[in-house]
2 protein chains.
Amino acid sequence: MAIRLTDVANEAGVSLATASRVLNGSARKPAAEISDRVRAAAEKLGYFPNAQAQALARASTKLVGLVVRDIADPYFSTIARGVQRGLGDSGTQLLLASTDSEPEREIEAVRSFMSQRTDAIILSGSRGLSEDAALLRLIGSYQENGGQVIVIGQPLASTGGIQIDNETTSENLAEELIRSGHRRFVVLAGDENLLTSRDRAQGFLRKLKRTGLSAVGVVHGAFSREGAYMAMSDFLRGRKSEEDAQQLCVFCVSDVMALGAIRAIRESGLRVPEDIAVVGFDDIPTLEDVTPGISTARLPLEEIGRWAGEMVLSHGEARKTVVAGTPVLRESTKLHAGNR
Amino acid sequence: MAIRLTDVANEAGVSLATASRVLNGSARKPAAEISDRVRAAAEKLGYFPNAQAQALARASTKLVGLVVRDIADPYFSTIARGVQRGLGDSGTQLLLASTDSEPEREIEAVRSFMSQRTDAIILSGSRGLSEDAALLRLIGSYQENGGQVIVIGQPLASTGGIQIDNETTSENLAEELIRSGHRRFVVLAGDENLLTSRDRAQGFLRKLKRTGLSAVGVVHGAFSREGAYMAMSDFLRGRKSEEDAQQLCVFCVSDVMALGAIRAIRESGLRVPEDIAVVGFDDIPTLEDVTPGISTARLPLEEIGRWAGEMVLSHGEARKTVVAGTPVLRESTKLHAGNR
DNA sequence: TGAGTTTGGGAATGCGCTTTCCACGATAGT
DNA sequence: ACTATCGTGGAAAGCGCATTCCCAAACTCA
């Protein structure tokens with residue numbers, strides 16, 4: 001049905017080979033007069049190269065797969081935008097898959113991308129604590145066949161990517177908070193099986209310990225807004241009695257969780273930061289519109305995505321980059337006078 | 001390099017045809033014993049079908065293209081999530097393209113999707129006022145070749161999709177606001193060349209007129225957070241003098257714009273809603289975390305995306321669905337006592 | 001038991017394109 | 001003037017798979 005290169009070649013009165021050479025970047029450039037004729041024919045017929053056929057013949061699709069946990073989560077959508085920016089106008093297309101936090105769906109996504117023979121796969125969802133052997137095997141064979149794997153967050157086996165130093169960042173964040181006067185911390189630690197949440201919580205707790213402090217509480221739950229909402233609600237219910245103690249500071253291992261926690265705090269009739277201070281992690285764009293301004297550890301999310309995209313283009317040989325976040329204290333952790 | 005079906009066939013000691021029949025859903029089912037042998041061989045070798053080759057042989061990729069303006073915008077990322085949900089586990093892969101609001105990039109994206117021979121293209125960015133002839137031509141030839149085009153927002157030529165009744169929704173929103181006591185409106189109308197912003201502004205203004213009211217001001221600008229921020233800032237600068245008049249209500253043609261406007265209002269030292277009320281449009285998830293709660297017209301964004309995804313699967317023959325938003329008044333439009 | 005019928009595996013073709021490999025004429029070099 | 005080289009277009013061989021034929025073996029039924 002669609003116009004094929006053969007049709008264009010006939011229309012222009014040249015061979016298939018010649019048509020191919022003029023329309024697609026070949027090393028050999030046919031004569032100007034012929035080229036024009038072919039281009040005119042292509043234009044006239046409305047020719048579109050069949051990317052599948054090209055991929056088959058060239059053994060290279062210009063496709064890259066991005067797997068995220070949830071594209072509607074600002075953290076991931078910001079990274080996704082960065083990846084697209086990084087890919088720029090290279091003509092590389094982005095294949096998107098969401099896992100909804102289910103490991104099997106991540107494997108499914110990778111499997112699917114492998115079938116599509118994407119040139120690269122960018123994994124931005126958080127790695128699990130115990131690395132799934134099946135995923136590792138999959139990735140290994142993908143790399144053997146020339147596929148590039150870029151992991152955002154934690155390093156995974158022999159893959160390159162952008163590593164986020166969650167532990168150090170959390171330590172710095174804790175330090176900053178302590179310096180600002182906070183002493184009583186609660187950690188909403190998210191999912192204890194996810195590397196990201198574990199590292200962030202551990203870094204924070206370690207700093208506390210080194211300073212001679214210890215957390216008032218460490219609550220686990222889902223690594224999401226809802227998870228934090230529930231965890232925080234539970235926590236608040238559990239300590240109804242002991243009021244007027246010194247102001248509490250709740251460290252959430254992600255901004256999205258901080259938002260959920262704030263919701264829970266408010267619903268229980270308390271105020272942020274007057275009654276309870278809240279800190280997040282990531283500095284997602286959403287924070288710009290939230291009041292009070294939420295303290296957090298700033299990660300250059302869009303840039304991280306952009307780097308990943310650029311790595312794909314440069315065929316970077318498993319380059320690794322490490323980035324750390326910078327603490328940003330805003331109103332949500334302002335120490336309230338009555339609560340010092 | 002990668003394992004081919006031929007390799008599997010050899011390993012299993014059967015023909016290519018047989019291997020193909022057992023591994024991919026063919027009408028003919030080879031004998032159980034043979035099937036098992038083939039599957040074992042595939043498993044052992046770690047075989048992955050080459051999607052490009054399959055697409056070529058079958059004349060059907062299981063690909064659908066989604067074009068958005070900006071994937072980091074909650075409006076689009078929510079729709080994107082819906083689309084993925086709608087596609088479910090059908091095995092259909094999503095190709096994502098962002099246009100950054102540039103019409104040429106939209107054309108480029110469609111062109112690219114056509115090259116990829118996607119089974120369907122979902123256009124969710126806002127249509128321009130004057131439809132680009134090049135885009136129409138492209139879409140026409142895509143449809144002729146069996147491609148499905150689904151437009152979210154406004155109808156486009158002979159395409160199906162989910163149409164949003166912006167005008168009526170805006171009218172209802174205006175009505176609700178008037179009923180709640182507001183009388184003095186400013187409209188941040190966004191880009192006057194985009195159908196979406198124009199319709200929303202017009203619907204609102206029409207209702208005002210019918211009620212015997214007229215807008216205090218109509219300000220145009222970019223259809224984005226920044227655009228609204230600037231438009232609002234300008235507006236506020238322009239009327240420094242006339243204070244203590246009756247409370248103003250600013251209607252922004254999208255939630256994202258409302259967020260920008262609020263930022264501008266606050267920076268100029270005013271409060272929402274005490275000094276100025278603000279309404280948005282869309283009810284993006286972000287609003288859950290913003291204080292004060294922003295009044296808006298609720299659109300079932302995720303569902304809209306889901307419908308689009310389901311339409312793709314059902315090969316819906318240009319089905320059209322129309323949805324209208326429902327007004328939701330929250331604190332941002334609460335009438336302040338001192339300003340009646 | 002023999003003709004007709006089904007069943008199931010294999011050979012071969014083609015999907016649309018890229019890319020050797022060839023052939024041929026033009027140009028250069030001695 | 002004759003060969004060595006280059007430049008250019010075309011023929012043809014795949015890329016990895018689905019699928020249409022084809023054919024042999026296993027059945028069916030009388």
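The chains referred to below are lettered A, B, ... by the order of the sequence lines, with proteins before strands, and numbering in each begins at 1.
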Value in whole Å for how far the [atom2] atom of [N] lies from [atom1] of [X]:
| X | N | atom1 | atom2 | answer |
| --- | --- | --- | --- | --- |
| L23(B) | dA18(D) | CG | P | 8 Å |
| N10(A) | dA11(D) | CG | C1' | 14 Å |
| K62(B) | dC17(D) | NZ | P | 17 Å |
| E33(A) | dG9(D) | CD | C1' | 13 Å |

- request: Select from L56(B) and V14(B) the residue whose nearest nucleotide in DNA chain C is closer to the 5' end of that strand.
  value: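 In this pair, the answer is V14(B).
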
message: Counting the atoms with a prime plus P, OP1 and OP2 as sugar-phosphate, which does A31(A) contact under 4.0 Å by heavy atoms, base, sugar-phosphate, or nothing?
response: sugar-phosphate

Residues in salt bridge (charged side-chain N to carboxylate O under 4.0 Å, His left out) with [X], at least two apart?
| X | answer |
| --- | --- |
| R81(A) | E302(A), D70(B) |
| K44(B) | E11(B) |
| D7(A) | R4(A) |
| R306(B) | E303(B), E310(B) |

- line: Bend of the helix from dT1(C)-dA30(D) to dT30(C)-dA1(D) from end-axis comparison, five pairs per end, nearest 10°, comes to 30°

Considering residues at least two apart in sequence or located in another chain, which fulfil the side-chain hydrogen bond (donor to acceptor under 3.5 Å, both in side chains) criterion with [X]?
| X | value |
| --- | --- |
| T18(A) | S15(A) |
| E43(B) | none |
| S224(B) | none |

Please list, pair by pair, any protein nitrogen or oxygen found under 3.5 Å from a nitrogen or oxygen in nucleotides 17-25 of chain C.
residue	atom	partner	partner atom	Å
dC17(C)	OP1	Y47(A)	OH	2.6
dC17(C)	OP1	N50(A)	N	3.3
dC17(C)	OP2	L5(A)	N	2.3
dT18(C)	OP1	N24(A)	ND2	2.6
dT18(C)	OP1	Q54(A)	NE2	2.8
dT18(C)	OP1	R58(A)	NH2	3.4
dT18(C)	OP2	S20(A)	OG	2.6
dC21(C)	N4	R28(A)	NH1	3.4

message: When you compare the side chains of R69(A) and S101(A), does any donor N or O come within less than 3.5 Å of an acceptor on the partner?
response: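 S101(A) and R69(A) do have a side-chain donor-acceptor pair below 3.5 Å.
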
